[in-house]
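Every value quoted in this text rests on a predicted model; they were computed, and no experiment measured them. Just so you know, these numbers use all the heavy atoms, side chains as well, and skip hydrogens, waters and symmetry mates.
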Amino acid sequence: MSPLKITPRDAATGPVLEIAGDLDYDHADELRSVVSGLTLEPGQRLVLDLRAMEFCDSSGITALLAARHHAIAAEAEVALAAVPANTLRVLRYVGLDQVFTCHPDSEVATAP
């Protein structure tokens, strides 16, 4: 198991959270906590950069959905960047690829 590391940074379009390690049952609350502490403005885009995420279980998917709900409540957008192939496969299987906007990397996701 890899510990979860969340590194925030700002982009012109809004906050970016770089997520590394395992987004699983033991760590999903960390992402929820960080996201709930974000102040999003209407029209901003929250980008979750998953380039360094090693594993994501159903609790992790639920945390991603919680981030989406937080953004929607603030009239902001959410986008996923660099989604690992195994996680993207799960998102497609359950239809969440239709809910999340996915980008190849955070540079594309943060383009105005």
Side-chain angles (χ1 to χ4, degrees):
M1 240 201 265
S2 297
L4 184 67
K5 181 178 178 190
I6 302 170
T7 306
R9 65 179 171 88
D10 290 322
T13 54
V16 177
L17 298 179
E18 297 174 358
I19 299 169
D22 291 346
L23 184 56
D24 59 9
Y25 178 81
D26 293 328
H27 303 103
D29 283 341
E30 293 175 47
L31 178 59
R32 282 192 198 95
S33 178
V34 169
V35 168
S36 68
L38 289 176
T39 302
L40 295 170
E41 301 294 327
Q44 282 189 316
R45 182 180 311 129
L46 168 61
V47 174
L48 303 175
D49 185 341
L50 308 180
R51 164 180 36 97
M53 186 176 72
E54 296 175 19
F55 176 76
C56 184
D57 68 6
S58 61
S59 297
I61 299 290
T62 302
L64 296 176
L65 285 168
R68 180 179 180 273
H69 292 302
H70 180 75
I72 289 172
E75 298 179 15
E77 301 174 35
V78 66
L80 304 180
V83 181
N86 56 342
T87 302
L88 187 56
R89 187 171 43 251
V90 171
L91 293 177
R92 285 183 178 142
Y93 184 75
V94 297
L96 290 176
D97 62 324
Q98 302 300 309
V99 172
F100 286 106
T101 301
C102 297
H103 298 279
D105 55 46
S106 63
E107 290 75 26
V108 173
T110 58

Non-hydrogen side-chain atoms of Leu91 and Leu80 separated by less than 4.5 Å:
yes
When clusters are formed by joining ILVMFWY residues with side-chain heavy atoms under 4.5 Å apart, either directly or through shared neighbours, do Val83 and Leu65 land in the same one?
yes
For Ser59 and Ala28 the tightest heavy-atom approach is O-CB, 3.5 Å
How many angstroms lie between atom CG of Leu88 and atom CG of Asn86, to the nearest 0.5 angstrom?
9.0 Å
Kindly state each residue pair satisfying side chain to side chain donor-acceptor pair (under 3.5 Å) with at least one member in residues 97-112, sequence neighbours excluded.
Arg9-Ser106, Asp49-Ser106
Student check: side-chain heavy atoms of Val90 and Cys56 closer than 4.5 Å:
no
Could you tell me whether the side chain of Leu17 reaches within less than 4.5 Å of the side chain of Leu31, counting heavy atoms only?
yes
Test applied, side chain to side chain contact (heavy atoms under 4.5 Å, CB included); reference residue, Leu64; option that passes from Val35, Val99, Leu23:
Leu23
Would you call Arg45 and Val78 a side-chain contact if the rule is heavy atoms closer than 4.5 Å?
no
Contact summary for Pro15 and Gln44, nearest pair of heavy atoms
CD-OE1, 4.2 Å
Interatomic spacing from CG in Asp24 to CG in Asp22 - rounded to 0.5 Å
5.0 Å
Indicate the atoms forming the closest heavy-atom contact of Glu54 with Ser2, along with that distance.
OE1-OG, 2.6 Å
Do Glu77 and Thr13 come close enough that some side-chain heavy atom pair is under 4.5 Å?
no
Could you check if a side-chain atom of His27 sits within less than 4.5 angstrom of a side-chain atom of Glu30, using non-hydrogen atoms only?
yes
Got Pro8 and Val34 here, is their nearest side-chain heavy-atom distance under 4.5 Å?
no
What are the two closest heavy atoms between Ala81 and Ala109, and how far apart are they?
CB-CB, 4.1 Å
Looking at Asp29, is its backbone amide N or carbonyl O close enough to the side chain of Ser33 to form a donor-acceptor pair, meaning the two atoms are under 3.5 Å apart?
no
His70 (side chain) donor-acceptor with Leu38 (main chain) under 3.5 angstrom:
yes
Verify same cluster id: Leu48, Phe55 (apolar side-chain graph, 4.5 Å):
no
Measuring from atom CZ of Phe100 to atom CG of Leu50, what distance do you get when rounded to the nearest 0.5 angstrom?
9.0 Å
Atom pair CG/CD1 of Leu40 and Ile72 - distance to nearest 0.5 Å:
11.5 Å
